[in-house]
Amino acid sequence: MGILIVDDTDFDRNLLRSILLSAGYEISGLATCGEEGIRQYHALQPNLVMLDLIMPDINGIEVLRRIRIDAPDAKVMMCTSVGEESMVDLARRMGARGYVVKPYIADNLLGAVQKILGPPGKSRI
């Protein structure tokens, strides 16, 4: 359960983790690349995946596609830089529940997560 963060950049991965934990959300895992994210998704079955769009091994669109093959109801939110609107549109058509733009603004990020998961629970990891 909780949230799985998949991002190849240490700074972004740790910033997401910090913002989500400080708001009371549970973090179930951290993945540094797309392949690791897919493996962790299947092992952890998180409530939400925060998925970077651009990664060196496989991009977030392919990770989303592969997760949704076995888990069509998976909740995935894309994390993107400004200027990648066509990729975000494709991700939405493939089932992403939303997206947040980098650099992260805590209020925007938490509002987007709350729309998908509701308010945070009391437990944390």
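Because the structure is predicted, anything quoted here is derived from the model rather than measured.
Summarising the geometry, atom CG belonging to L16 is positioned 9.0 Å from atom CD1 belonging to I3; distances are rounded to the nearest 0.5 Å. Atom CZ of R97 and atom CG of L64 lie 11.0 Å apart (nearest 0.5 Å). One distance of note links OH of Y99 with OG1 of T80; it measures 8.5 Å at 0.5 Å rounding. The distance from atom CZ of R39 to atom CG of L44, rounded to the nearest 0.5 Å, is 11.5 Å. Note that CD of Q114 is 11.0 Å distant from CG of D107, once rounded to the nearest 0.5 Å. Expressed to the nearest 0.5 Å, how far CD1 of I19 lies from CG of N14 amounts to 11.0 Å.
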**Report entry** V63 and V49: CA distance, side-chain angles, deciding distance, side chain to side chain contact (heavy atoms under 4.5 Å, CB included) verdict
**Finding:** CA-CA 10 Å; V63 174; V49 178; 6.0 Å; no
Query - Stepwise side chain to side chain contact (heavy atoms under 4.5 Å, CB included) test for L53 and N59 - result: CA-CA 6 Å; L53 189 55; N59 69 37; 5.7 Å; no
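Note on R65 versus E62: salt bridge recorded, some NZ/NE/NH1/NH2 to OD/OE distance being below 4.0 Å. Contact check on K102 versus D52 returns a salt bridge, with a Lys/Arg side-chain nitrogen under 4.0 Å from an Asp/Glu carboxylate oxygen.
A distance-only check finds a donor-acceptor pair linking the side chain of S22 to the backbone of S18 [under 3.5 Å]. Remark: the backbone N or O of M94 is paired with a side-chain donor or acceptor of R68 at under 3.5 angstrom. Using a distance-only test at 3.5 Å, with no hydrogens or angles considered, a donor-acceptor pair links the side chain of D57 to the main chain of G34. Between the side chain of Q40 and the backbone N or O of L30, at least one donor-acceptor pair lies under 3.5 Å. Within the 3.5 Å criterion, the main-chain N or O of L117 finds no donor-acceptor partner in the side chain of N47.
When side chains are defined from C-beta on, M1 does not count as touching S28, because their heavy atoms never get closer than 4.5 Å. Within the 4.5 Å cutoff, side-chain heavy atoms of M50 are placed close to those of L109. Looking at heavy atoms from C-beta onward, C79 lies out of side-chain contact with D12 at the 4.5 angstrom threshold. Annotation: side chain of Y41 is not in contact with side chain of D70 (no heavy-atom distance under 4.5 Å).
The minimum heavy-atom distance linking V6 with G37 is given by the pair CG2-CA, 3.8 Å. The nearest pair of heavy atoms linking L110 to A23 is CD2-CB, 3.5 Å. Between Q45 and H42, the shortest heavy-atom distance links the atoms NE2-O, 3.1 Å. For S81 against V101, the heavy-atom pair with the smallest separation is C-CG1, 4.5 Å. In terms of heavy atoms, M77 sits closest to V100 at SD-CG1, 3.7 Å. When all heavy atoms are compared, the tightest approach of R13 to A31 is CD-O, 3.6 Å.
For I116, the CD1 atom counts as densely surrounded, since its 6.0 Å shell holds more than 12 non-hydrogen atoms of other residues, nucleotides or ligands.
The same ILVMFWY cluster, assembled from side-chain heavy atoms under 4.5 Å apart, contains both L21 and F11.
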